[in-house]
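Notes follow the structure.
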Amino acid sequence: MTRSRARAAVLDPACAAAVDLARSAIEENVRPDEVGDHLGAEAEAERVVTHYFTCLDRAYRGWRWAVTVARASRARNVTVSEVVLLPGTGALLPPEWVPWSERLRPGDLGVGDLLPTPADDVRLAPGFTQTEDDSDRQMIFEYGLGRARVLSPIGRDRTVRRWHSGESGPHTPLAHAAPAQCSTCGFYWPLAGALGIGFGVCTNEYAPDDGRVVAADHGCGAHSEAAVLPHQVEPTSPILDDHAYDLTEESPEADLAGSVDDTAAEPLGHS
């Protein structure tokens, strides 16, 4: 068994000498002052050479012009194949391309938009997958959902972490100031299935989370028992405004005179 070795391309003399032809090809599309010094030539293949020039355009600092020239076998004339602008060392480049599925964020989906779900989405599992939860199995049996895919354990765990750490979880200022948790509220409707252990839906129209999924240990001021829940209030001394009047001490003679006047003012009894 023999192994073939790739032979390095030899720099064609005619193509390597076509520096002016390569420069003129660039100047056909840009201003002459945007083309700088010739940086060298590189053999791409047999009778195919690429010439490099400095790009002087201030918007493309660090880039370079690349002009590929070639000639046919036994031909003397050299022709231009392509002219491109390539990044060099220190060139300003755009960020690495990210697929749309990874750029998408919650709330980006608008009216009329369609969001296709990949066939290998780890958040979903085939609908015939055996469920571990009795309530889920019972609901599928009773309603005959027949869905092609259902929530997988990975998708369920991600949902739990996202909901519990979000605005409807227990770690928000609203929940910290609440008189009690949602699990003890009459407007808390637990979810069915495995997620019902820690999450439910708020049904209080006056609550900020009405119609949303909330954690069982979430809370707000619209708790159904907020008016009857005990509150520990520290007693405070009354505050008197003494700027509108003067405080004076009353003499004992005035107390005695007041007692006599009160006695005289009493009505006489009927015999």
Side-chain angles (χ1 to χ4, degrees), residues 1-126 147-149 151-152 154-155 157-159 161-162 165-166:
M1 179 178 179
T2 59
R3 179 180 298 177
S4 59
R5 297 181 179 179
R7 185 175 58 181
V10 180
L11 192 64
D12 184 74
C15 293
V19 177
D20 295 337
L21 176 64
R23 181 184 294 273
S24 63
I26 304 174
E27 295 177 351
E28 291 179 359
N29 300 314
V30 300
R31 298 190 304 269
D33 57 352
E34 295 182 0
V35 185
D37 298 334
H38 182 251
L39 301 177
E42 180 180 349
E44 302 289 347
E46 187 177 0
R47 296 183 299 277
V48 179
V49 176
T50 298
H51 292 271
Y52 297 96
F53 298 85
T54 303
C55 179
L56 301 180
D57 192 342
R58 291 181 297 176
Y60 291 91
R61 293 181 178 178
W63 291 65
R64 56 182 180 171
W65 293 104
V67 182
T68 301
V69 296
R71 69 179 182 89
S73 177
R74 299 181 182 179
R76 296 182 179 179
N77 296 332
V78 178
T79 58
V80 177
S81 297
E82 62 178 355
V83 179
V84 296
L85 191 60
L86 299 178
T89 304
L92 180 62
L93 299 176
E96 185 179 355
W97 182 82
V98 180
W100 68 267
S101 57
E102 299 179 13
R103 299 195 306 267
L104 194 65
R105 293 294 179 266
D108 292 346
L109 193 66
V111 179
D113 295 339
L114 298 179
L115 180 60
T117 305
D120 57 349
D121 196 325
V122 296
R123 299 172 302 171
L124 299 174
R147 293 174 292 175
R149 289 186 290 179
L151 194 64
S152 67
I154 296 178
D157 294 342
R158 291 182 179 179
T159 302
R161 289 195 296 267
R162 185 174 65 254
S165 61

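We're numbering straight along the sequence, starting at 1.
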Exercise for the section: Starting at CZ of Arg47, measure out to CG of Asp12 and round the result to the nearest 0.5 Å. Expected result: 7.5 Å
Practice task
Answer yes or no: are there more than 12 heavy-atom neighbours, outside Leu92 itself, under 6.0 Å from its atom CG?
Solution key: no
Problem - Value rounded to 0.5 Å, distance of CG in Leu85 from CG in Asn29 - result: 11.5 Å
Handout entry: Step-by-step side-chain contact (heavy atoms from CB on, under 4.5 Å) determination, Val122 to Arg158
Key = CA-CA 10 Å; Val122 296; Arg158 291 182 179 179; 3.8 Å; yes
Handout entry: Residue from Arg23, Glu34, Arg64 passing side-chain contact (heavy atoms from CB on, under 4.5 Å) with Phe53
Key = Arg23
Exercise for the section: Measure across Ala14 and Val78 and return the closest heavy-atom pair with its distance rounded to 0.1 Å. Expected result: O-CG2, 3.7 Å
Practice task
Determine the minimum heavy-atom distance between Ile26 and Trp65, stating which atoms define it.
Solution key: CD1-CB, 3.4 Å
Fill in the blank from the handout: So CG of Leu11 and CD of Glu42: to nearest 0.5 Å the spacing works out to 9.5 Å
Handout entry: Partners passing ring-ring contact (aromatic ring centres under 6.0 Å, His included) against Tyr52 (at least two apart in sequence or in another chain)
Key = none
Fill in the blank from the handout: Applying salt bridge (Lys or Arg N to Asp or Glu O under 4.0 Å) to Asp33 and not counting sequence neighbours gives Arg31
Practice task
Any chance you could measure Arg103, atom CZ, to Trp97, atom CH2, to the nearest 0.5 Å?
Solution key: 6.5 Å
Handout entry: Euclidean distance, Arg71 CZ relative to Cys15 SG, rounded to 0.5 Å
Key = 6.0 Å
Completion exercise
In terms of heavy-atom contacts, Ala41 and His38 come closest through N-CE1, 4.2 Å
Handout entry: Inter-residue atom distance Leu56.CG - Asp37.CG, 0.5 Å rounding
Key = 7.5 Å
Practice task
Flag yes if more than 12 heavy atoms outside Arg61 fall under 6.0 Å of its CZ atom; otherwise flag no.
Solution key: no
